[in-house]
Protein chains: 2
Amino acid sequence: MPASERLGSHIKEAEHALNATKHAVLKPAGLTVPQYAALLQLAENPGIPAAALARACRVTAPTMNTVLKNLQQRGLITRTPHPWHRNVLETRLTELGTQVMAEADENAVRVERGLAAQFTDEERAQLISLLARCSGYLESVRPG
Amino acid sequence: MPASERLGSHIKEAEHALNATKHAVLKPAGLTVPQYAALLQLAENPGIPAAALARACRVTAPTMNTVLKNLQQRGLITRTPHPWHRNVLETRLTELGTQVMAEADENAVRVERGLAAQFTDEERAQLISLLARCSGYLESVRPG
DNA sequence: GCAAGTCTATTAGAGCTCTAATATTCGTCA
DNA sequence: TGACGAATATTAGAGCTCTAATAGACTTGC
């Protein structure tokens with residue numbers, strides 16, 4: 001089965017193009033794509049624990065740990081112990097983090113709006129629906 | 001703009017599901033997803049130089065270099081100097097590499113066939129077309 | 001012939017990603 | 001009250017990925 005006939009190739013190619021463009025537009029803010037994804041979730045959910053953040057970003061906890069380490073080193077986030085649950089760290093944006101996030105978000109949203117504008121409402125809904133069926137099937141057949 | 005409204009989120013999610021399932025079905029053969037991608041291209045193009053292989057797999061030359069190093073250590077490929085172009089290494093599957101590739105390919109193709117079977121011919125063509133428009137737009141707006 | 005440009009290969013370094021394993025804390029249930 | 005289970009956090013280690021830089025070999029144009 002040649003690679004060009006595989007649906008997976010086309011999905012991978014689109015994701016690759018998306019990632020490369022995101023990477024390029026986030027570069028001025030000094031953020032990587034995973035860092036931006038984490039900051040976006042943090043902006044919407046202040047104080048969220050790292051484990052929940054990892055789930056929201058669809059990565060594992062150790063992965064999020066390394067991303068947060070780099071964000072913390074740059075002073076973009078703070079991690080403070082939860083008042084009750086002593087084993088939980090509350091993660092929040094710093095003021096600097098909020099500024100950097102706003103700058104990065106402007107460029108990222110511009111790409112998303114431009115991408116969405118390539119399609120009619122019906123096409124967009126179709127694409128989302130077809131992709132959801134891909135995800136659903138792939139998860140349903142995953143061993144383990 | 002909430003993450004759930006971004007087309008990019010759905011593309012990323014589908015690619016993530018694809019990658020996770022591929023990873024799971026390739027595990028018995030002891031191959032990673034990038035290693036399988038490289039072996040697939042090698043099976044179709046014996047003797048291809050690493051730089052061309054990198055382009056075919058949509059990664060950079062240094063990335064392909066690390067993947068090939070691991071494949072070579074396992075004895076799945078050989079890299080021999082090109083008879084004329086002294087700066088080029090011809091990369092080929094070993095006999096063991098061919099066997100491992102065949103075993104892995106069986107599982108990978110099963111996933112691809114199952115995924116394709118979720119859609120009608122028209123839906124499949126639509127999905128490919130919509131994804132291609134995404135890739136095309138994203139590449140056209142990429143700075144640099 | 002020689003120089004510039006192009007292509008191949010490689011190394012160095014930063015960052016992301018996973019699995020596996022460990023430690024700590026909280027909640028539940030007997 | 002004490003033990004088990006679930007959730008959080010972290011470390012270790014392997015592997016992938018990129019950009020930047022270096023080096024060698026071929027090709028083209030003067």
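The structure displayed is predicted, hence computed values, not measured ones.
With rounding to whole Å, A:N65 atom CG is found 15 Å from C:dG15 atom P. Counting to the nearest Å, the P atom of C:dA14 and the CZ atom of A:R74 are 16 Å from each other. Rounded to whole Å, the distance from CG on B:N19 to P on D:dG15 is 17 Å. Protein atom CZ of A:R55 is 14 Å distant from nucleotide atom P of D:dA6, rounded to whole Å. Atoms CD (B:E90) and C1' (C:dA9) sit 15 Å apart, rounded to a whole Å. Taking atom NE2 on B:H82 and atom P on C:dA9, their separation rounds to 10 Å, with Å as the unit. Distance, A:I48 CD1 to D:dT8 P: 10 Å, rounded to whole Å. Here the C1' atom of nucleotide D:dT27 and the CZ atom of B:R86 are 15 Å apart, to the nearest Å.
The shortest distance between the side-chain N/O atoms of B:K69 and the OP1/OP2 oxygens of C:dT11 is below 4.0 Å.
Side chains of A:L115 and B:C134 form a contact here, defined as non-hydrogen atoms less than 4.5 Å apart. Side-chain atoms of A:L7 and B:R124, non-hydrogen and from C-beta on, do get closer than 4.5 Å to each other.
Note that CD of A:E13 is 6.5 Å distant from CD of B:E139, once rounded to the nearest 0.5 Å.
Put simply, the side chain of A:S9 never gets that close to the backbone of A:E5: no donor and acceptor are under 3.5 Å apart. Judged purely by atom type and a 3.5 angstrom limit, B:H16 uses its side chain to pair as donor or acceptor with the backbone of A:R58.
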Any chance you could list the contact pattern along nucleotides 16-23 of chain C? Use B for base contacts, S for sugar-phosphate-only contacts and - for none, protein heavy atoms under 4.0 Å, 5' to 3'.
SBBBB---
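Nearer to the 5' terminus of DNA chain C, by closest-nucleotide assignment, is the contact made by B:A52 (compared with the other of A:W84 and B:A52).
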Going through the distances and angles, do A:T21 and B:R142 end up as a side chain to side chain donor-acceptor pair (under 3.5 Å)?
CA-CA 5 Å; A:T21 299; B:R142 191 175 310 154; 3.1 Å; yes
